[in-house]
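One-based numbering along the sequence shown. Counting convention: from 1, in listed order, for ligands and their atoms alike.
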Amino acid sequence: MYNKYIRYYLILILFSSSLFSAKVTNEVWKKGLTFEKYLKKHKISKDIINLLDKDDAQLISEINDNRRFYEMIASNGVLLQTLIPIGEELQIHLFRTPKGYKVEILPVAYQKDTYLALLSIKKNPHYDIIKKIKNRRVANEFTKVLKHSINFRAIRKDDKLAIVYDQKMRLGQPIGIPDIKVAMIESHNKKHYVFKHSDGKYYDEEGKELIKKYMGKPLHHIRVTSPFTHRRYHPILHRYKAHLGTDFGAKRGTPILSVADGKVIFSGKMGGYGNVIKIRHADNYITLYAHQSRLKVKIGEIVKIGQVIGYVGSTGRSTGPHLHFGLYKNRRPINPMSMVKFSSKGLLGKDKKSFLRRKRRYTKIINKIFNENRPSYIWNSVRKSLVSPKMKKYYKNRGW
Ligand SMILES: [Zn+2]
């Protein structure tokens, strides 16, 4: 996967070095532009989209307004290739070959590392994390995941905190939001832990859920037919596939419900998603309801939680009636299952067992480092096999 990216990166550099007297420019994806319109602008047949499978054709509808992307144009004005990011994980690669244009979905190359940071608090957690780790987003996420379980005002100087988190790194820079697995504050000699489970939700030490504010269900009865995946390497197709939403199977005409109060910001056709409603909610959440047979609300309308906004259908790239439900936080696609309450119970049975197993592993590591009594400690478990010697040296020089 890494090599593949390097290959395209090299192609880009080669092209740009005036070998073909081509020009690489950094463009901005204009508001309201669709991939179909983009193809038309460059006189490329939109038939190339038809060669994509359903999931990839849907992904093409996910390009954000104002997104920066690369374009390589020959001296005669012909588009040679372009790389358009979708989310933070994937990009559309459109390129010219002797047989015509081709389009594919490529992963954005990054290194995912796990970090463990242990700090003594000097001023306050947020300030100290930024000072030591030099990543404001880690500080923001840490505060966010712990705010329900600890009173930050009660924290004193020399209290301790620990964070285990995954961070994507690209060309030596952190990209995207750090994924906090464990957050802990030791205050008044008591450790307050928060753990992330594989369902994307945060739990306390006993496996009790911490986020209490949930969204409603998009259908009265839900049955998942295809889950959310950011990017997944398909073992048979040998390429990356992603599905930036959850699919729910339902009969044509089943009412679709808004999962929270909000305002309709899109109502109409959207490429592979067919008939779509998009709703903006509080706290920078946006929901998307695709493939509808009939839309019931218009742009600008204020909707309530549970209100019928349309009906299940199979418009756009769809193999049968279903609801594709997308959830976005700060314009990034996130797993809808992490915010929609699907069952009323906490972790049970096998799920609880695996949660407790992971919890024990994490607390063991943290306690071990605590016992070493270091004032502050940042550890990076870069998986050795994934890092080239050159990159390792690069990280080392930066003190990681
Ligand atoms: Zn879907």
The Zn ion (ligand 1) - closest N/O/S atom in D247: OD1

Minimum-distance N/O/S atom that H324 presents toward the Zn ion (ligand 1): ND1

R332 atom CZ, over 12 foreign heavy atoms within 6.0 Å: yes

Qualifying salt bridge (Lys or Arg N to Asp or Glu O under 4.0 Å) pairs, either residue in residues 263-272, two or more places apart: none

Whether H243 has an N, O or S atom under 2.8 Å from the Zn ion (ligand 1): yes

Test ring pair (Phe, Tyr, Trp, His ring centres under 6.0 Å) applied to H197 - qualifying residues, sequence neighbours left out: Y203, F355

Residues R156 and D158 bridged, charged N to O under 4.0 Å: no

